[in-house]
**Q** 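Just dropping this structure here.
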Amino acid sequence: MLVVYQFTRKYRAIAEEFNLADIGKMESASLIYDRNEQQIGKIFIENRHPLPYSEFSKKLVNAVVAAEDNRFYDHKGVDYMGIFRAAITNWRTGRIKQGASTVTQQVARNSFDLHERTYKRKLIEMYLAERIEKHLSKQKIMEIYLNRVYLGSGFYGAESAARGYFGVAAKNLSIGQCAMIAGLLKNPNGFSPWNNPKKAQETRDFVLGRMKDNGFITKAECADAQSQLLIVRKPANPFNKVSYAIDYVRQQAILALGYDAAMNGGYRIYTTLDSQMQRTAEVSLKLKLHELEQHESYSHQTYDAYTQDFKVAEKAAKGGAAPAIAAPTYLQGAVLALENRTGGILTMVGGRDFLQNEYNRALQAKLPIGTAFTPFVYAAAFEKGLYPGMMVQDAALDNRTVMVGGETGILGEWGVERADNEYEGLISMRDALAKGKNAATVRVGFLTGLDAVKDVSTKAGIASPLRDFANAYLGSSELTLDELTIAY
């Protein structure tokens, strides 16, 4: 007896060294909301949404007890009868095959990273579980367990799994759904309904049987739940990379909070985005670019063709092969909408498909913006003292005048605004701007001066430098879409 006491005292002392205040600490996802407080995304390392015990249905708690620890309410942290049975099994097989861990032991193990499969670790876990039971209620222990456990497919905690697999809150799960989630505890990835739907349904039915045997549900409820097909949602993007807008919010959150806090802190992030406008913009851009790709003269890669190749590469990657597909070269576009009063971003679309290419053309792509720049030429002119009714000549320009690439010019580099253009001679600046008359605009630029145009565009929010040639009046300088939108 003295030898046993000395042996156990050592591990009890080790168990006493753990700080029980750390049990409830866990990483959780930060949720992103739009301007109407609708959740539109989340950012995380561990996809978890911690909830208080009251937000978990009694059916789910009963399913977990039936599946994992049917003496949960009777023991004081350790089920010694279960350990005795497991020890017999392990002795017969010659290896640690069963652990008989209670829910409380699993809380101890996962909270303090006690995952080594040795008898020493098991003893520490047992004594730590007894400490936990003395300091925490059964409800609190179950709350921590349901929030912490891994349930496959990137879901940590019952709330995340409930929403991921079934699209409902944990408190609204049906009996069968509760049983399937509880069944995942034995083998989260192996029993996942996305990886092995047959095994997931078999495990669900087994847990339902255990719930019946433990008196948690009636025989009729068990039979009814077992007769139903297991229906789950389609797998979503595992990293929640759903759009350019959400990725931009993630980047801004990391800048403001730091990486660990943003990804693990469980923040609620409220944005100026309008989710309905965002969806409309995404669909509209795809439809318009698809329409352009159907034109008989279009001979480049199409979105549809690339998507087929992308799916093949994605399937190969899931099978362990290295993805072998180049970045897309199909027609791209971007959309950015700001609220005039506040400057808040309402919509941001950086391309046709974020999952295929994360390059955000709304923020990163610098392109010549063309005659979208001409309002800044007129703004500079009016600020300098010229006025909308002032007449300016709309007539052919010597190409050398616009100085493309230098003073010599390149013949034909700058054409007229329309194929059927007709020069109108003297025209008011107001009409020249409204009609987009290129030749007249260049002459307005000459009257105003490039320095004045640069000054106005900089004050408006254009940070990129303008070219030092007269073709800058017609938008030859490269800007980002957000610079132009802010400036407008």
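Computed from a predicted structure; not experimentally measured.
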**Q** Apply salt bridge (charged side-chain N to carboxylate O under 4.0 Å, His left out) to R204 and list each qualifying residue two or more places apart in sequence or on a separate chain.
**A** none

**Q** Quick one, P50 and S28 - any side-chain contact, counting heavy atoms below 4.5 Å?
**A** yes

**Q** Restricting to non-hydrogen atoms, name the atom on A245 and the atom on L273 that form the minimum distance, rounded to 0.1 Å.
**A** CB-CD1, 4.0 Å

**Q** Set out, in order, the CA-CA distance, both residues' side-chain angles and the distance that settles side chain to side chain donor-acceptor pair (under 3.5 Å) for D482 and T480, then state yes or no.
**A** CA-CA 5 Å; D482 67 317; T480 59; 2.5 Å; yes

**Q** Is a side-chain donor or acceptor of Q201 paired with a backbone partner of P197 at a separation under 3.5 angstrom?
**A** no

**Q** Exactly one of E125, R148, E68 should register a side chain to side chain donor-acceptor pair (under 3.5 Å) with Q106. Which one does?
**A** E68

**Q** Main chain of P328, side chain of N357: is a donor-acceptor contact present, judged purely on distance under 3.5 Å?
**A** no

**Q** So, R109 versus S101: side-chain donor-acceptor pair below 3.5 Å or not?
**A** yes

**Q** Taking only residues two or more places apart in sequence, or in another chain, which ones meet K288 in a salt bridge (charged side-chain N to carboxylate O under 4.0 Å, His left out)?
**A** E291

**Q** I269 versus Y33: any side-chain heavy-atom pair under 4.5 Å?
**A** no

**Q** Taking the side chain as every heavy atom from C-beta outward, state whether N264 and F44 have any atom pair closer than 4.5 Å.
**A** no

**Q** Name the residue from K138, K76, K140 that meets the salt bridge (charged side-chain N to carboxylate O under 4.0 Å, His left out) definition with E133.
**A** K138

**Q** How close do E282 and V349 get, counting heavy atoms only, and between which atoms?
**A** CG-CG2, 3.7 Å

**Q** Are the side chains of M348 and L363 in touch, meaning some heavy atoms are under 4.5 Å apart?
**A** yes

**Q** Would you please indicate yes or no on a ring centroid separation below 6.0 angstrom for Y303 and F310?
**A** no

**Q** Between A200 and S192, what is the shortest heavy-atom contact and its length?
**A** CB-C, 4.2 Å

**Q** Can you tell me how far apart CG (L123) and OH (Y127) are? Round to the nearest 0.5 Å.
**A** 5.0 Å

**Q** Can you find a pair of side-chain heavy atoms, one from L466 and one from S457, that are under 4.5 Å apart?
**A** yes

**Q** Could you give the distance from OG (S160) to CG (N47), rounded to the nearest 0.5 Å?
**A** 3.5 Å

**Q** At what distance, to the nearest 0.5 angstrom, does CG of L136 lie from CE of M142?
**A** 13.0 Å

**Q** One thing to verify: whether E159 and R163 come together as a salt bridge, which I'm taking to mean a side-chain N less than 4.0 angstrom from a carboxylate O.
**A** yes

**Q** Measure across S464 and K366 and return the closest heavy-atom pair with its distance rounded to 0.1 Å.
**A** OG-NZ, 2.7 Å

**Q** Where the side chain of D274 meets the backbone of L346, is there a donor-acceptor pair that is under 3.5 Å apart?
**A** no

**Q** Between R250 and D247 (salt bridge meaning N to carboxylate O under 4.0 Å), is one present in this structure?
**A** yes

**Q** Nearest 0.5 angstrom please: I43 CD1 to I254 CD1, how far?
**A** 6.0 Å

**Q** Can you tell me how far CD1 of I23 sits from OH of Y145, rounded to the nearest 0.5 angstrom?
**A** 14.5 Å

**Q** Answer yes or no: is there an ion pair linking R35 with E339, defined by an N-O contact shorter than 4.0 Å?
**A** yes

**Q** Which pair of non-hydrogen atoms, one from I40 and one from S275, has the smallest distance, and what is that distance?
**A** CG2-CB, 3.7 Å

**Q** When the ring centroid of F155 is compared with that of Y165, is the distance short of 6.0 Å?
**A** yes

**Q** From Q139 CD over to Y73 OH, what is the distance, rounded to the nearest 0.5 angstrom?
**A** 7.5 Å

**Q** What are the two closest heavy atoms between A281 and T347, and how far apart are they?
**A** CB-CG2, 3.4 Å

**Q** Is the shortest side-chain heavy-atom distance between E27 and Y156 below 4.5 Å?
**A** no

**Q** Just to verify, which of D69, N70, V107, I141 counts as forming a side-chain contact (heavy atoms from CB on, under 4.5 Å) with T102?
**A** D69

**Q** With a 4.5 Å cut-off on side-chain heavy atoms, are Q278 and D34 touching?
**A** no

**Q** Keeping N214 on the side-chain end and F216 on the backbone end, is there a donor-acceptor pair under 3.5 Å?
**A** no

**Q** Here's one to test your reading of the geometry: is the NZ or CZ of K171 within 45 degrees of the ring axis of F56 and under 6.0 Å from its centre?
**A** no

**Q** Do L331 and H300 touch side chain to side chain, with heavy atoms closer than 4.5 Å?
**A** no

